[in-house]
Amino acid sequence: MRAPTPLARAALLLVAAVLGGAGRAEAQLAEGGARVLALGRAGVAIGAEPWGHTNPAALAGLGGPRVGLQASQAFGLGELGLASAVAALPTPLGVVGASGRTYGFSERRETRVVAGLARGVRLGVGRRLDVGVSAGVESAVTEGFESATTVLVGAGLQADLAPGLRAGLAARNLLGLRGDDLGASASTVPGVTVGVAYRPSPRALLVLDADQDRDLGLSVRAGAEAALADVLVARLGVSTGPVRLAGGVGLSIGALRADVAVERHESLGFTPAVGVEVAW
């Protein structure tokens, strides 16, 4: 593969900076599992997920160890590829999770490492509140600029409101620390997400989120998941701010789950993603 020309490298750097340092990184937020991407990025109320990216409280529902890998390629550009890994382990204190990811190319590289802890708190007979917190660091290195490191802190809640109906609330970057130039670490804009997940039957799931970003305002996200067979599910999703359509499938065989997703941005094109998780 030929190296990008100087003009192409400059264009890629501009895209990466806009997607990253300017706030909500459309490419980077393709992380957190291909399942969530296929559901239109909605999932703040989905429990038992090891990534904890949408809501750190999601870790609390895991009954055993879990590891996962994910890769995505923003808008079909290899230079805007993302690779991430996650591991979660139940302990007497709660479920502990750790994740790491890298995104970008040689002129713009962003790296994040995050740890989380979640546990259920009994509120009475048959009622439980799942609580989670996360903390980590994200660094951004842009050619020609000083590198920047940002401390990230998040928190979240999940609870069952009624049979089949679950609610979630999550806040990200509680410290409110971010930079405003090309050297700043990305995905560091404070924001809050609230949503619900509803299972009308054991074979179907509906999710709806509202995400309020400090810089870019409100984004509404919705998705649906339906089992086509015992081992196969299909997913569709849509979100606003900007408008994005998504879809994908998931395959579960024993302890292995594989997910494939693709999202279409209203003006920038397609972002494919794949993920694999193993539970035991």
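Throughout, numbering of the chain's residues begins at 1 and tracks the sequence.
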| Is Val67 isolated, or which residues cluster with it under the ILVMFWY side-chain rule of less than 4.5 Å, directly or via members? |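 Noted: Val67 shares its cluster with Leu256, Val276, Val278, Trp280.
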In one Ile/Leu/Val/Met/Phe/Trp/Tyr side-chain cluster, 4.5 Å: [X], [Y]:
| X | Y | value |
| --- | --- | --- |
| Leu77 | Leu82 | yes |
| Val192 | Val194 | yes |
| Leu93 | Leu59 | no |

| message | Suppose we screen for side chain to side chain donor-acceptor pair (under 3.5 Å). Which residues come up paired with Arg109, at least two apart in sequence or across chains? | response |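 So Arg109 forms a side chain to side chain donor-acceptor pair (under 3.5 Å) with Thr102.
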| message | Using the side chain to side chain donor-acceptor pair (under 3.5 Å) criterion, which residues pair with Ser267? Sequence neighbours excluded. | response |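 Counting only residues at least two positions away or on another chain, Ser267 forms a side chain to side chain donor-acceptor pair (under 3.5 Å) with His265.
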| field | Matching residue for Arg101 among His53, Gln70, Glu110 - test: side chain to side chain contact (heavy atoms under 4.5 Å, CB included) | value |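 Of the listed options, the one satisfying the test is Glu110.
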Any side-chain heavy-atom pair of [X] and [Y] under 4.5 Å:
| X | Y | value |
| --- | --- | --- |
| Trp51 | Glu277 | yes |
| Tyr103 | Leu80 | yes |
| Arg221 | Asp211 | yes |
| Leu37 | Ser72 | no |
| Pro65 | Pro90 | yes |
| Thr193 | Arg172 | yes |
| Pro190 | Asn173 | yes |
| Arg35 | Glu225 | yes |

Heavy-atom closest contact ([X] atom, [Y] atom, distance):
| X | Y | value |
| --- | --- | --- |
| Gln73 | Gly78 | NE2-CA, 3.4 Å |
| Val95 | Ala88 | CG1-CB, 4.3 Å |
| Gly132 | Pro56 | O-CG, 3.8 Å |
| Thr149 | Ser139 | OG1-CB, 3.9 Å |

I'd like to know if the side chain of [X] and the backbone of [Y] have a donor-acceptor N/O pair within less than 3.5 Å.
| X | Y | value |
| --- | --- | --- |
| Thr271 | Phe75 | yes |
| Thr240 | Val243 | no |
| Asn55 | Ala57 | yes |
| Gln158 | Ile46 | yes |

| request: Return yes if a side-chain donor-acceptor contact under 3.5 Å exists between Thr142 and Arg108, otherwise no. | output: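 Side chains of Thr142 and Arg108: pair found under 3.5 Å.
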| query | Is there a donor-acceptor contact under 3.5 Å linking the side chains of Ser239 and Arg41? | reply |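 Result is no, nothing qualifies.
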| Pair Arg235-Glu263, salt bridge (Lys or Arg N to Asp or Glu O under 4.0 Å): steps then yes or no | CA-CA 11 Å; Arg235 304 178 180 115; Glu263 177 189 78; over 6 Å; no
Only counting residues at least two apart or in another chain, list the ones meeting salt bridge (charged side-chain N to carboxylate O under 4.0 Å, His left out) with [X].
| X | value |
| --- | --- |
| Asp209 | none |
| Arg128 | Asp130 |
| Arg119 | none |

| field | CG-CZ distance between Leu245 and Arg264, expressed to the nearest 0.5 angstrom | value |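 Result: 7.5 Å between the selected atoms.
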| message | Rounded at 0.5 Å granularity, tell me how far CG in Leu251 sits from CG in Leu228. | response |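 Here the rounded value is 11.0 Å.
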